[in-house]
Protein chains: 2
Amino acid sequence: MRIAQTGYAILGLLAIEPNQSGYEIRRTVRDSVGFFWGESYGQIYPTLKRLSADGLIAPTEVEGAGKKRTQRYSLTAAGYAELQQWLATPYREDPPRDEFLLKLFFGREAAPEISIAHINQYQERIRGLLAVLEDLERLGRLHGSGQPGMPFWMLTLSYGMGQLRAGLEWSESAMAVLTSQEAAQACSQPPAPFAPQG
Amino acid sequence: MRIAQTGYAILGLLAIEPNQSGYEIRRTVRDSVGFFWGESYGQIYPTLKRLSADGLIAPTEVEGAGKKRTQRYSLTAAGYAELQQWLATPYREDPPRDEFLLKLFFGREAAPEISIAHINQYQERIRGLLAVLEDLERLGRLHGSGQPGMPFWMLTLSYGMGQLRAGLEWSESAMAVLTSQEAAQACSQPPAPFAPQG
DNA sequence: ACACACATGTAATTGGTTACATGATTTC
DNA sequence: GAAATCATGTAACCAATTACATGTGTGT
């Protein structure tokens, strides 16, 4: 009966909106929490089976048949209890792994243009995400009254926006550094000595 | 000859400081890039073997023997080339998974105190990290002249600090929201209906 | 006719963590 | 004498991604 993160994500989404299929859950994830959470079909469908077998969710509605069939699920009381218990425990602080920062950290082993390209990639992604979050916020303000989860959703949104804006600001100063004399000089110095036998 | 992230992390660290053992590499990771990167022994030692077999690193120094023995490695020319090639490719944008935000997103399914506890946990972690980064920055300024990688290291540091400070600021406003009438009200409303068969 | 969204699922692979096992050396 | 750090390594496990397989319905 051990449940992984994906399981709790599904329980939570079904608590907000019951009677969803695997396909719909995945779309909901993408469109609402996509900027801080992701799920793939390869994870969702088996997890749905598992949660159902454990009695934490139950199939509610079936539409169509055979290859064209939509199976929807809802939370059971046990599933809701499980979700609440999970919510009540401290969140897991998993080890960070940021390849962007790692490449930047090693930046002096390459030409400055390489790091500049990474920052460009970063800025593009950030700007894209920021646009998405702004849309999300606007939509939330319009259609969101009556939705009891809204204050919490907005909290995650404002978190994301704060992080993104800070990242964008930093990236400007990073650009300044990378186009400076200092960076060019650092990159032009010879690398540390190698071992023989290449 | 396919190398994973851990491999590149090791190559990069050996490019900065040659002649390091697995143990030292792990310490270096923890103490210098620990706020955005982590490595475990279970990953480091097998990877060192592999990189060595592939000729990207080579054993340079051995100290002691038997159970007490330190095996150090350095980059080969091929390893440095591999590192540079990796640096020159766009960084991988892996799917985000932030359990903190997920729990906060589902916050209305629990009592407000639950979410407040999460924010407290968050603030504590952030403040701890911020202190670490400030130390790191101070140390860098003192002993860091002559280190050609310094500008890049400082870039990752300022990135981290920017993110942390933005997070801290956000957390204050989040606290205000969570202690408000609005939050209490949202949490007191009944959950969405369950399926039968619990 | 073609592409895209709908819809469910499996299999292979990966890249990692955690726990375990062992022992020497240093510090309090 | 206990605890922490130094030091290397293996085995079990895990949760996830990716690619594959299959087919329907809708819009252009």
Side-chain angles (χ1 to χ4, degrees), chain A residues 1-11 19-31 33-34 36-53 57 59-73 86 92-99 102, chain B residues 1-11 19-31 34 36-53 57 59-73 86 91-99 102:
Chain A
M1 238 254 250
R2 142 144 305 146
I3 305 172
Q5 286 181 321
T6 295
Y8 291 110
I10 290 176
L11 293 182
N19 205 40
Q20 286 190 88
S21 68
Y23 191 86
E24 289 165 341
I25 286 171
R26 194 257 184 172
R27 203 193 334 154
T28 307
V29 169
R30 202 222 304 132
D31 297 346
V33 295
F36 67 80
W37 199 265
E39 289 296 350
S40 62
Y41 292 132
Q43 196 71 358
I44 288 176
Y45 286 112
T47 302
L48 247 17
K49 290 268 160 90
R50 185 138 205 287
L51 293 175
S52 189
I57 65 177
T60 35
E61 204 179 274
V62 207
E63 204 183 292
K67 270 293 172 190
K68 192 222 163 188
R69 151 185 144 267
T70 306
Q71 176 66 70
R72 280 176 241 273
Y73 298 86
W86 176 71
R92 197 171 97 191
E93 291 168 12
D94 23 33
R97 286 212 139 193
D98 190 324
E99 191 173 294
L102 192 65
Chain B
M1 234 255 246
R2 139 143 310 147
I3 304 172
Q5 287 183 319
T6 295
Y8 291 109
I10 290 176
L11 292 182
N19 206 37
Q20 287 190 86
S21 68
Y23 192 85
E24 289 165 342
I25 286 171
R26 194 259 183 171
R27 204 195 328 148
T28 307
V29 169
R30 204 221 305 132
D31 298 344
F36 67 81
W37 199 265
E39 290 296 349
S40 61
Y41 292 132
Q43 197 71 357
I44 287 176
Y45 285 111
T47 301
L48 283 174
K49 289 269 160 88
R50 184 135 206 288
L51 293 174
S52 189
I57 66 177
T60 36
E61 206 178 272
V62 206
E63 206 184 291
K67 270 292 171 189
K68 192 223 164 187
R69 150 183 144 269
T70 305
Q71 176 65 69
R72 278 177 244 272
Y73 299 86
W86 175 71
Y91 69 88
R92 197 171 98 189
E93 291 168 12
D94 23 34
R97 286 213 141 193
D98 189 324
E99 191 173 295
L102 193 64

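Chain letters run A, B, ... following the sequence lines, proteins first, then strands; residues in each count from 1. The structure presented is a predicted model; accordingly, all values stated were derived computationally and were not measured.
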Handout entry: Whole angstrom value for the distance that separates C1' of C/dT18 from CG of A/D94
Key = 14 Å
Practice task
Measure the distance from CZ on A/R2 to P on C/dT17 and round it to the nearest whole Å.
Solution key: 18 Å
Completion exercise
Applying side chain to side chain contact (heavy atoms under 4.5 Å, CB included) to A/D31 and not counting sequence neighbours gives A/R27
Exercise for the section: May I ask you to test the B/Q20-B/Y73 pair for a side-chain heavy-atom distance under 4.5 Å? Expected result: no
Practice task
For B/Q71 and B/E61, indicate whether the former's side chain and the latter's backbone hold a donor-acceptor pair under 3.5 Å.
Solution key: yes
Problem - Residue-phosphate contact under 4.0 Å: A/Q5 side-chain N/O, D/dA16 OP1/OP2 - result: yes
Handout entry: Interatomic distance, B/E99 CD vs D/dA16 C1' [rounded to whole Å]
Key = 15 Å
Practice task
Report the distance from atom OH of B/Y91 to atom CG of A/L102, rounding to the nearest 0.5 Å.
Solution key: 13.0 Å
Problem - Under 4.0 angstrom between A/S40 side-chain N/O and D/dA16 OP1 or OP2 - result: no
Practice task
Using whole Å, report how far CH2 of A/W37 lies from P of D/dA15.
Solution key: 12 Å
Practice task
Please confirm whether the backbone N or O of B/R92 pairs with a side-chain atom of A/E99, one donor and one acceptor, at under 3.5 Å?
Solution key: yes
Exercise for the section: For A/T47 and A/Q43, indicate whether the former's side chain and the latter's backbone hold a donor-acceptor pair under 3.5 Å. Expected result: yes
Problem - Set of side chain to side chain contact (heavy atoms under 4.5 Å, CB included) partners for A/T70, sequence neighbours left out - result: A/S21, A/E63, A/R72
Problem - B/T6 side chain near C/dG15 phosphate (N/O to OP1/OP2, under 4.0 Å) - result: no
Practice task
Report the distance from atom CD of B/E61 to atom P of D/dT8, rounded to the nearest whole Å.
Solution key: 12 Å
Problem - Separation of D/dA16 P from A/R26 CZ (nearest whole Å) - result: 16 Å
Handout entry: Atom-pair distance (CZ on A/R92; P on D/dC14), nearest Å
Key = 12 Å
Exercise for the section: Give the rounded distance in Å between these two atoms: CD1 of A/I44 and P of D/dA15. Expected result: 16 Å
Exercise for the section: Report, as a single string ordered 5' to 3', how protein heavy atoms within less than 4.0 Å touch nucleotides 6-12 of chain C: B base, S sugar-phosphate only, - not at all. Expected result: BBBBB--
